[in-house]
There are 4 protein chains.
Amino acid sequence: MSRKSNTEARRAEIVEAMLAVMAQQGYEKATIQAVAKQAGLAPGLIHYHFKSKQEILLALVQAIARYAQQRYQTALGEAQAPVARLQAYLNAQLGLGEGAAPQMVAAWVMIGAEAVRQAEVREVYQTVIAAELASLTQMMGDCLVEAGRSRAAAPDLAAGLLALMTGAFQLSSAAQAVMPTGYAAEAAIAYAVNGIAAAPQA
Amino acid sequence: MSRKSNTEARRAEIVEAMLAVMAQQGYEKATIQAVAKQAGLAPGLIHYHFKSKQEILLALVQAIARYAQQRYQTALGEAQAPVARLQAYLNAQLGLGEGAAPQMVAAWVMIGAEAVRQAEVREVYQTVIAAELASLTQMMGDCLVEAGRSRAAAPDLAAGLLALMTGAFQLSSAAQAVMPTGYAAEAAIAYAVNGIAAAPQA
Amino acid sequence: MSRKSNTEARRAEIVEAMLAVMAQQGYEKATIQAVAKQAGLAPGLIHYHFKSKQEILLALVQAIARYAQQRYQTALGEAQAPVARLQAYLNAQLGLGEGAAPQMVAAWVMIGAEAVRQAEVREVYQTVIAAELASLTQMMGDCLVEAGRSRAAAPDLAAGLLALMTGAFQLSSAAQAVMPTGYAAEAAIAYAVNGIAAAPQA
Amino acid sequence: MSRKSNTEARRAEIVEAMLAVMAQQGYEKATIQAVAKQAGLAPGLIHYHFKSKQEILLALVQAIARYAQQRYQTALGEAQAPVARLQAYLNAQLGLGEGAAPQMVAAWVMIGAEAVRQAEVREVYQTVIAAELASLTQMMGDCLVEAGRSRAAAPDLAAGLLALMTGAFQLSSAAQAVMPTGYAAEAAIAYAVNGIAAAPQA
DNA sequence: AATGAATGAGTGTTCATTCAT
DNA sequence: GATGAATGAACACTCATTCAT
């Protein structure tokens, strides 16, 4: 007859609130009070479920990574041929800013900035980046092999693709007004396809 | 009798101190006290030369933009053929992170994060981005023409290049450990060259 | 489970502390630290209960107005004939400085000074002044009618009375040493009574 | 051949600047920087001519007192009969707010507020008030004598008049919007004339 | 689990005053 | 006399964190 713990649900609510607030305010301005208000909870409750504000941030990074991974799986399931799968993946990721989850994109940009100065955040950020890079390298490698090329070019191509995506997120958050519309997915695909074509034979 | 004004020199010192502190601490943590200490000045003096902390940030954005513009001019002077000039430019810009001015790159990443939330910062950030985009569009256009292609592809190619560079800066600041070494310049050049080759005839 | 809110009580305490500090220090010198100390609270707590220092001031104006209104009601209840009621009222008000609430008088003088420069304070100050003026006009009108005079003279007589009272407060706070003792109530009553006698017939 | 000292002229300029700034900003907000700017002088120069900010305030009180005294003399010169002279005087003083020197009135109100909390200011304020009171007592006494009354009523009548004037200044600065127009001079004269008429025979 | 008050260090900013020139 | 930079101690206000209830 003991009360069921709702800690996990509460934690998820708080992380989601942090996402929403951080997307438009940044980490420093995402105060505990603001997060609590966004979540509809009492401020004191936040520190009951999280030791510190940074712990919420770390949980948020994990949550965003999980979400991106889900999109990766979904995109993979939609196509069979390597190039088609890559295309689906890039469209999925770069579509985040426009349609699906602009909040998540903005928060991710903020997390990137925090990663520059908080070592602990940088650590988990790098883990996510490394995983993404590995996924991309795998995909690019498959595309290269299918095109009769050597896998050797995959890591650098993947890194370039990741940089392009990261930059597109940043610019969509901070300079949308001066960027062309919808260039990003097209640019990423062109970069990949041309890069494959230009890669040396296996 | 009268005393000579040293405001311009002091302002430059303060901006430089802001650059240094912000590069490793971010904007919020770059407190006036910290900036003053870095500059070796009394805290109260900062506000004698700048109306607000944000004004220092805006001055820093201008300073970085000026510096990048100088590099652009220098890079242009070294080569004549469009593609050679583009290559020189990309090498110059993307070399910032590794050799020349990693502090400036880190600060620029922080400024990008601030641009997401501070409208006034966003404005000047966008001005700089727009100028960079215009330069890149001009260069890509020249390359396309030289290759007998239509200029029409230039804006999107330039946007992709800018995103790639922006992302490379972000990742060099926050995830250097997991990225391949020296991929960025190569990736940018490959993206440009392949993009030109794939563009429709004029 | 939940904790009961003590905000209203705390707010009242803080307003009272502001009254005490402001009475002898003025608004600018009534620092949040000083108010907190007077109230026996931690400085940070002040801003938990009030959004800003000015908000405390505005609450104080309301509190003083409420207090004056109570005295008005009390004074009214003590007498029936218009002139007797007026006399009771003036004695009540002008007795504030000497006996009842010299702190409140001093604070009211300070509020008057703030009203000159802070628009928001001026607004509420004027509201209180206008209410007082309306009360006085009503009383003077009743006295005039009772004496068979026209009500037309009431507004100007009331204004003169209010000025006399306001000035008496100011001088009792800043120049008590050089003013005759207990002149104020007598002067106000003489002004009113003589003014009624000199008013034109209805 | 030594440079002629312009200290007196400079001091007067600074005092005048303090008057202007204080009239709309109050004493605390009348910063040395603001006064210097108003006077068109370098900030550092202020403290060359005045030991402290308070010293400027004290000089201002004296200057306003001198100005009021001049008006007193002028008003006296315009009429011979005691009542006519009183009337001229009250018109002169209470006309300050509307026509002649609203700045001076506003500053005087601010000085009155400072007098409540700064002992040194209170001292000179009281001196001025005492002098004014003496002048008024003399005038009222003359009027009483002329009307065949005892001088005994003069001090209290003078005090009431001074309170009325002081309050009129305060309300013209802080609550002009809700007060009747031009009531003050009329009210003061009525108070004096009726008071004389009601005074006991000599 | 939950509440909301409480704490106190820290923030950007202001400003009287000082001082080298 | 005059200048304008420099100082440092305030100030109002913010906020992560703690704690009694």
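Convention: sequence-line order gives letters A, B, ...; per-chain numbering from 1. These numbers come from a predicted model, not from an experiment.
Spacing between atom OH of A:Y27 and atom C1' of F:dC15 amounts to 12 Å, rounded to whole angstrom units. If you take CD of D:E28 and P of E:dT17, they are 12 Å apart, rounded to a whole angstrom. Put simply, CG on C:L57 is 17 Å from C1' on F:dC11, counting in whole angstrom units. Between A:E13 atom CD and E:dA2 atom C1' there is a gap of 13 Å when expressed in whole angstrom units. Spacing between atom CD1 of B:I14 and atom C1' of F:dA5 amounts to 11 Å, rounded to whole angstrom units. To the nearest angstrom, P of F:dC15 lies 13 Å from CE of A:M18. In this entry the distance linking NZ of C:K37 with C1' of F:dC11 reads 16 Å, nearest Å.
Residues from residues 41-56 of chain B with heavy atoms under 4.0 angstrom of DNA chain F, sorted by number: B:A42, B:G44, B:L45, B:Y48, B:H49.
Applying the salt bridge (charged side-chain N to carboxylate O under 4.0 Å, His left out) criterion to B:K37, with sequence neighbours excluded, gives no partner residue.
Ion pairing between a basic and an acidic side chain is recognised when a charged N comes within 4.0 Å of a carboxylate O; A:E55 and A:R11 show such pairing. Taking the charged nitrogens against the carboxylate oxygens, D:K29 and C:E28 do have a contact shorter than 4.0 Å, which makes a salt bridge.
Between E:dC15, F:dT17, F:dA20, one nucleotide has an atom nearer to the side chain of A:Q33 than all others, and that is F:dT17.
In this structure, B:E16 places its CD atom where only 12 or fewer heavy-atom neighbours from other residues, nucleotides or ligands lie under 6.0 Å away.
For the P atom pair drawn from F:dT21 and E:dA1, the interatomic distance equals 23 Å after rounding to whole Å.
Using a 4.5 Å cut-off on side-chain heavy atoms (C-beta onward), D:Q54 and D:Y27 make contact. Using a 4.5 Å heavy-atom threshold, the side chains of A:L45 and A:Y48 count as touching. Side-chain contact check for B:I56 versus B:I32: some heavy-atom pair is nearer than 4.5 Å.
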Dot-bracket encoding per residue of DNA chain F, Watson-Crick/G-U cut-off under 3.5 Å, | denoting interstrand: .||||||||||||||||||||

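Of the possible polar contacts, none joining the D:Q38 side chain to the D:M18 backbone as a donor-acceptor pair under 3.5 Å is found. Proximity of a side-chain donor or acceptor of A:Q103 to a complementary backbone N or O of A:L19 within less than 3.5 Å is not detected.
A:I32 comes within 4.0 angstrom of a nucleotide base, judged by non-hydrogen atoms across all strands.
Dashed line: the shortest gap from a side-chain N or O of B:N6 to OP1 or OP2 of E:dT21 is not under 4.0 Å. When the side-chain nitrogen and oxygen atoms of C:T31 are compared with OP1 and OP2 of F:dA10, none of them lie within a distance under 4.0 Å. Contact check, C:S5 against E:dA5: a side-chain N or O comes under 4.0 Å of OP1 or OP2. Taking only side-chain nitrogens and oxygens, B:R10 comes nearer than 4.0 Å to OP1 or OP2 of F:dA6.
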